[in-house]
Amino acid sequence: MKIGKYKLGIINSGSFGLDGGAMFGIIPKPLWQKTNPADDVNRVRLATRNLLLESDSKKIIIDTGMGSKWDEKSKNIYAIDEMLSMNSALESKGLKAEDITDVFLTHLHFDHTGGSTFSVNAKYQPAFPNAKYYVQKQNYEWAINPSDRDRGSYIKENFQPLMDEGLLKFTNGNSMFDDEIEFLVINGHTFGQQMIKISDGINTILFCSDLMPFISHISLPYIMGYDLQPLVTLEEKLKYLKLALDENWKLFFGHDPDFAVATVKKLNERYAVDKSFRTFDET
Ligand SMILES: [Zn+2]
């Protein structure tokens with residue numbers, strides 16, 4: 001798929017598991033388990049699916065997945081699947097970590113920026129040494145001083161080394177990166193999350209990150225228990241689902257275990273999945 005000067009590619013950098021109840025908030029399990037079956041300790045599968053944007057001068061990735069810095073205890077808690085990795089996914093596209101020019105971090109939760117650094121002899125290094133990393137200033141400020149409720153989601157080793165090396169660049173509110181790429185700020189899931197909209201006026205895709213991690217979250221009451229401000233998430237979903245419907249956007253899903261892209265429709269006044277796609281080739 002191409003939008004403007006960018007060729008879009010999917011990077012499958014891994015998968016892991018989180019509690020199904022937390023992923024679906026108030027939704028009863030008999031409903032959510034139809035699309036997202038739970039394992040024996042009630043975890044559902046999440047992909048870490050990243051987006052690659054390639055132009056003549058830029059090689060951009062959006063989010064970096066879980067990374068490789070996990071101890072055995074955490075690997076068990078989060079059922080981390082190490083069969084996939086960012087580097088092997090990039091290799092399959094003919095790229096190396098050194099080729100990446102820019103990394104857009106939607107937010108600094110560990111499953112979105114874990115792959116931004118790696119450790120050698122207990123020293124943390126940027127995984128993409130030639131890239132600038134972009135995050136909202138508001139999210140960085142929350143990440144270094146989170147609440148006691150969400151402290152476990154922000155692990156400093158995943159972003160502080162970028163700051164120390166001078167590679168972390170702050171975005172401030174909604175803004176354009178270039179002619180095609182726009183950062184859109186939302187605050188329901190955490191403070192200062194940025195979605196990435198890529199559009200050439202004809203085709204538009206929205207990397208909706210943790211506004212809607214799975215395609216089943218297109219349904220309005222499907223809101224994660226993790227969200228700090230669930231009613232704000234609801235307002236944000238209403239705003240962006242309406243835009244997606246009216247302007248025929250495609251939505252890109254970072255965590256859905258099966259589908260990378262979906263379109264939306266209205267059915268009996270409710271938002272629902274219209275078409276869903278595993279790859280860009282199917283779209
Ligand atoms: Zn998150």
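As the structure lists them, so they are numbered: ligands from 1, and atoms in each ligand from 1. Everything quoted here is computed from the prediction, not taken from an experiment.
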Electrostatic pair [X]:[Y] at N-O distance under 4.0 angstrom:
{"X": "Lys5", "Y": "Asp179", "value": "no"}
{"X": "Lys239", "Y": "Glu235", "value": "no"}
{"X": "Lys242", "Y": "Asp246", "value": "yes"}

Look at the N, O or S atoms of His112, main chain and side chain alike, and state whether any lies under 2.8 Å from the Zn ion (ligand 1).
->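 His112 does not place any N, O or S atom closer than 2.8 Å to the Zn ion (ligand 1).
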Does the shortest distance from the Zn ion (ligand 1) to an N/O/S atom of Asp210 fall below 2.8 Å?
->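 It does; at least one qualifying atom falls short of 2.8 Å.
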To the nearest 10 degrees, how large is the angle at the Zn ion (ligand 1) between His107 NE2 and His109 ND1?
->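 Rounded to 10°, it measures 90°.
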Can you check whether Arg43's main-chain N or O pairs, donor with acceptor, with Asp39's side chain at less than 3.5 Å?
->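 Indeed, once roles are kept as given, a pair shorter than 3.5 Å links the two residues.
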